[in-house]
Amino acid sequence: MTPLEKWVDEQARLTKPKKIYWCDGSDEEAHKLIECGMKEERIAGHPVFHELNHKTFPNSYLCRSHPTDVARTEHLTYVCHPNKETAGPNNNWISPHEAKERLAKLSDGCMRGRTMYVLPYMMGHPESSYAKACVQLTDTAYVAISMRIMTRMGKSVTEKIGERDDFVKGLHSIGDLNPERRFITHFPDEHFVWSIGSGYGGNALLGKKCFSLRIASWLGFNEGWLAEHMVIIGIEDPKGDVTYITAALPSACGKTNLAMLESSLPGYKVWTIGDDIAWLNIGPDGRLWAINPEAGLFGVAPGTSVNTNPNMMKTLKRKKFYPTLFTNTAFDVDKNEPWWEGIDGTPPKNLLDWQGRHWDSGRGIKAAHPNSRFTVSIYNAPTLSHEFDNPKGVPISAILFGGKRMHVKPLVVEAFNWQNGVFLGSRTGSETTAAAVHEVGVVRRDPMAMLPFCGYNMADYFKHWLNIGKKLTRPPKIFSVNWFRVDDEGNYIWPGFRENIRVLKWIVDRVNNRVEAKETGIGFMPHLKDLELTGLNIANNEMEKLFEINSKDWRQETLDIEDFFNKFDERMPKELRQELNEMKEKLK
Ligand code: SAT
Ligand code: MN
């Protein structure tokens with residue numbers, strides 16, 4: 001037996017599936033698993049997959065989850081380092097020993113009567129020196145199919161692993177879907193994720209947040225690279241030059257829209273490399289290079305339309321890769337199509353809500369779950385960059401940190417230098433969204449959009465960011481962006497979506513030294529004349545409001561940042577405290 005076979009065998013003895021099925025990643029197999037999910041397997045009483053109208057939504061299936069299993073559950077997510085300090089105040093912690101005891105009890109016989117799917121997959125291009133070979137076990141076709149879409153899955157990975165035992169391991173079971181018996185546990189030193197009781201994306205597709213961020217961030221800390229919650233795009237200018245950038249935004253703040261933005265500026269074009277995760281390495285040329293370890297898009301459906309994200313609508317209607325999933329959207333019975341709030345047109349007459357109940361517009365309840373999602377191959381995207389499959393990745397010229405802030409934060413600010421940029425990332429805050437189970441709309445600090453995903457003490461993570469900067473001879477410039485500022489009536493001032501290209505253009509102009517900027521207490525800001533605003537209908541005073549630094553708001557902001565930093569005590573890098581003090585001085 002190979003180490004892989006031995007490991008699978010051990011997990012099967014614990015979980016006791018009816019049968020074990022090794023996935024080869026082929027198209028035929030995908031069809032078979034879908035069949036099986038339509039006819040045999042059920043989740044919360046619904047067939048796992050319902051075939052949608054293939055004329056309008058080719059290769060698409062509707063999935064419904066258990067009503068209590070619709071988002072990441074951060075309070076049930078643990079990072080099990082040998083000691084609590086390594087996990088830090090930003091993670092829930094129990095000892096690896098205790099976690100394993102708890103999970104073993106819950107996993108004993110959890111796959112009884114079910115099939116165990118063995119999923120060999122790569123995170124990253126198989127020929128990339130940055131890629132990782134992984135294997136996940138799961139007992140639901142929903143996860144097997146989702147992993148096929150989201151990763152490069154197949155037999156060749158099993159061959160690649162061969163006799164090695166250093167592959168990344170994931171054990172997943174939907175268990176009985178009872179939140180009382182739901183745990184997502186990580187063992188960073190063992191490259192192992194053990195998750196039970198949820199079928200939801202970030203809790204169950206273990207290559208995604210669990211491995212590619214929480215565990216990979218720890219690998220990066222030890223090996224000198226970064227695993228980040230970032231979009232990767234190429235911005236082509238009218239001359240045909242492409243500038244690559246990454247952007248970190250919290251879940252459900254528009255990363256997918258940014259990743260395939262349809263430019264409103266003539267001659268500009270955005271090329272997609274990734275919409276969620278970036279692995280960043282220092283190249284031999286002293287630049288920062290990015291790869292997207294994933295191969296699919298797991299985006300929020302509500303709000304997606306021909307108007308807000310035409311390229312995504314095209315992606316969802318493309319026939320290329322089999323299949324595409326829609327999870328917890330509403331369902332148009334007459335057309336046999338998915339539906340969600342914000343899609344084009346008026347609500348269909350005969351609509352079922354995300355739980356399959358008749359929907360009545362009068363009751364004021366949303367038909368699609370606010371965190372309903374599509375899972376679709378990135379190869380379907382008409383905006384896919386030619387560089388997507390380049391094993392080396394792309395060289396990064398700018399890093400953007402953003403969040404959802406209705407007040408306080410300007411549209412765009414450039415950091416003074418790398419250290420100041422790390423400070424800028426570390427102090428980023430955002431209003432909470434429906435992507436995780438918690439109160440929605442409260443501002444919380446979410447440094448680098450990594451708060452739920454940094455697999456070790458965030459103070460050490462900041463230190464690591466500072467160290468990376470010291471090794472880069474040509475570091476990217478760092479910016480903060482905020483599309484979400486509102487006026488006194490509470491309306492968004494900036495139109496966002498395709499118009500964000502105007503902000504990206506300024507950023508590209510800055511990294512290519514084409515424009516000057518204005519120095520302020522919090523960083524460099526654009527001279528309004530350098531922002532391409534032709535065709536936009538925003539009054540000058542509104543534009544000024546987008547860049548306003550309100551001293552009362554900022555006093556509160558600095559106190560809040562200080563409170564957050566204090567959670568990390570002495571471990572917090574002194575450079576960032578010094579940056580905070582300098583900012584306070586400048587704002588006086
Ligand atoms: O965690 S997921 O990857 O499922 C989605 C998100 O919250 O970013
Ligand atoms: Mn995400």
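For reference, positions follow the sequence shown, starting with 1.
With sequence neighbours left out, the side chain to side chain donor-acceptor pair (under 3.5 Å) criterion links H464 to no other residue. Here R182 pairs with D69 under the salt bridge (charged side-chain N to carboxylate O under 4.0 Å, His left out) rule; sequence neighbours left out.
No hydrogens or angles considered: nothing links the side chains of H54 and K319 as a donor-acceptor pair under 3.5 Å. With 3.5 Å as the limit, one finds no donor-acceptor pair spanning the side chains of D446 and S430.
Aromatic ring orientation, F167 versus W7: perpendicular (interplanar angle above 60°, classes split at 30° and 60°). By the 30° and 60° cut-offs, the orientation of the rings of W271 relative to H386 is tilted.
Using a 4.0 Å cut-off between charged side-chain N and carboxylate O, K32 and E28 make no salt bridge. At a threshold of 4.0 Å, the pair K6-E10 counts as salt-bridged, since one of the basic side-chain nitrogens sits closer than that to a carboxylate oxygen. Using a cutoff of 4.0 Å between basic side-chain nitrogens and carboxylate oxygens, D139 and R114 are scored as salt-bridged. Salt bridge annotation for D353-R64: absent, with no cationic side-chain nitrogen under 4.0 angstrom from a carboxylate oxygen. Under 4.0 Å is where a charged nitrogen must lie from a carboxylate oxygen, and between R72 and E74 at least one such pair does. Taking a cutoff of 4.0 Å between a charged side-chain nitrogen and a carboxylate oxygen, K55 and E337 do not qualify as a salt bridge. Under the 4.0 Å criterion applied to side-chain N and carboxylate O atoms, K169 and E190 are not assigned as salt-bridge partners.
Among K16, R181, R13, R102, the one residue that satisfies the salt bridge (charged side-chain N to carboxylate O under 4.0 Å, His left out) test with D108 is K16. When the options W354, Y142, Y61, Y200 are evaluated for a side-chain hydrogen bond (donor to acceptor under 3.5 Å, both in side chains) with T327, the one that passes is Y142.
Under the salt bridge (Lys or Arg N to Asp or Glu O under 4.0 Å) criterion, the residue pairs touching residues 382-395 are R152-D389, with sequence neighbours excluded.
Checked against a 6.0 Å centroid threshold, the rings of F187 and W93 do not count as neighbours. Between Y456 and F221, the distance separating the two ring centers is shorter than 6.0 angstrom.
Around atom CD of E223, more than 12 heavy atoms belonging to other residues, nucleotides or ligands sit under 6.0 Å away. Heavy atoms of other residues, nucleotides or ligands lying less than 6.0 angstrom from NZ of K366 number 12 at most.
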Practice task
Please step through ring pair (Phe, Tyr, Trp, His ring centres under 6.0 Å) for the pair W194 and F211, ending with a clear verdict.
Solution key: CA-CA 11 Å; W194 194 349; F211 172 63; over 10 Å; no
